[in-house]
Amino acid sequence: KAGVTQTPRYLIKTRGQQVTLSCSPISGHRSVSWYQQTPGQGLQFLFEYFSETQRNKGNFPGRFSGRQFSNSRSEMNVSTLELGDSALYLCASSLGGPAGEQYFGPGTRLTVT
Amino acid sequence: EDKVVQSPLSLVVHEGDTVTLNCSYEVTNFRSLLWYKQEKKAPTFLFMLTSSGIEKKSGRLSSILDKKELFSILNITATQTGDSAIYLCARRNFGNEKLTFGTGTRLTIIP
């Protein structure tokens, strides 16, 4: 069974630009969660999608948005990039039920210059 | 509210030693606790613990949850250099998928 895949793996952007990251969950998994990992803040929850609906949202500004498609693939968008957005962006997939374990993808390393 | 505290922050031991990593959490709306291993890439799932007192085991790794004292431990016996990593614990609440992570324990195994 293929794991969670994320594209691209690395990205360099300039302040003010926008970026879209993609995540394909494990086959059969309907929930996709996004996390930001930085050395200073650790792993922080961005949002979670299930059946194309955002179910939960973390404490990030509105520049961070996402969506999920009918095949459970998810995208995350960050507009008006800031230097502080440089981070490893991880997505995790799970079945979405009450006892679901979450499995992480390899991440997208975003650098904002 | 959802705080997760891990200790120690870092640990250096010799190959063959046994280590115990700690994770404490606050009780509000707690559903389960998860352990992950992170090397230079994404966190790898180790265990999910929901019930108190039931040990989960995988090879040299084992973990247990104490819901009365609000903590979990991760034990690694006969450590190997490949165990060097950051070990993360995370809590999950009832009603949502959000994981709240601790800062992690950086484990270094010296050959």
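Chain letters run A, B, ... following the sequence lines, proteins first, then strands; residues in each count from 1.
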Quiz item: Which heavy atom in F104(A) sits nearest to a heavy atom in P43(B), and how many Å separate them?
Solution: CB-O, 3.5 Å

Self-check item: Same apolar cluster (I L V M F W Y, side chains within < 4.5 Å links), V13(B)/L74(B)
Solution: yes

Quiz item: Where do Y36(B) and Q102(A) land on the side chain to side chain contact (heavy atoms under 4.5 Å, CB included) test, with the steps shown first?
Solution: CA-CA 10 Å; Y36(B) 290 86; Q102(A) 290 190 23; 3.5 Å; yes

Quiz item: Does the pair K98(B)/E48(A) count as a salt bridge with the N-to-O cut at 4.0 Å?
Solution: no

Quiz prompt | Hphob cluster co-occupancy, L95(A) + F47(B), side-chain heavy atoms under 4.5 angstrom | solution = no

Quiz item: Given the rule that I, L, V, M, F, W and Y join up when any side-chain heavy atoms are under 4.5 Å apart, are L46(A) and V4(A) in one cluster?
Solution: no

Quiz item: Which distance, rounded to the nearest 0.5 Å, do you find between the OG of S93(A) and the CD of E97(B)?
Solution: 9.5 Å

Self-check item: Exceeds 12 heavy-atom contacts within 6.0 angstrom, atom CZ of R106(B)
Solution: no

Self-check item: Side chain / backbone / both / neither for L43(A) at chain B, heavy atoms under 4.5 Å
Solution: both

Quiz item: With a 4.5 Å heavy-atom cut-off, do S33(A) and L99(B) have their side chains touching?
Solution: no

Practice problem: Go through the structure and list residues passing side chain to side chain donor-acceptor pair (under 3.5 Å) with W34(A), not counting sequence neighbours. | Solution: S74(A)

Practice problem: Start with the C-alpha distance between Y35(A) and F101(B), add both sets of side-chain angles, then the distance that settles ring pair (Phe, Tyr, Trp, His ring centres under 6.0 Å), and finish with yes or no. | Solution: CA-CA 10 Å; Y35(A) 295 84; F101(B) 284 85; 5.8 Å; yes

Quiz prompt | Contact winner vs chain B - Q44(A), Q37(A), R55(A), heavy-atom pairs under 4.5 Å | solution = Q37(A)

Exercise. Can you establish whether the number of heavy atoms outside R9(A) located under 6.0 Å from its atom CZ is more than 12?
Key: yes

Quiz item: A42(B) and P106(A): which non-hydrogen atoms are nearest, and at how many Å?
Solution: CB-CA, 3.8 Å

Practice problem: Identify which part of Q41(A) has an atom lying under 4.5 Å from any heavy atom of chain B, answering side chain, backbone, both or neither. | Solution: neither

Quiz item: Is it true that atom CD1 of I12(A) has more than 12 heavy atoms of other residues, nucleotides or ligands lying nearer than 6.0 Å?
Solution: no

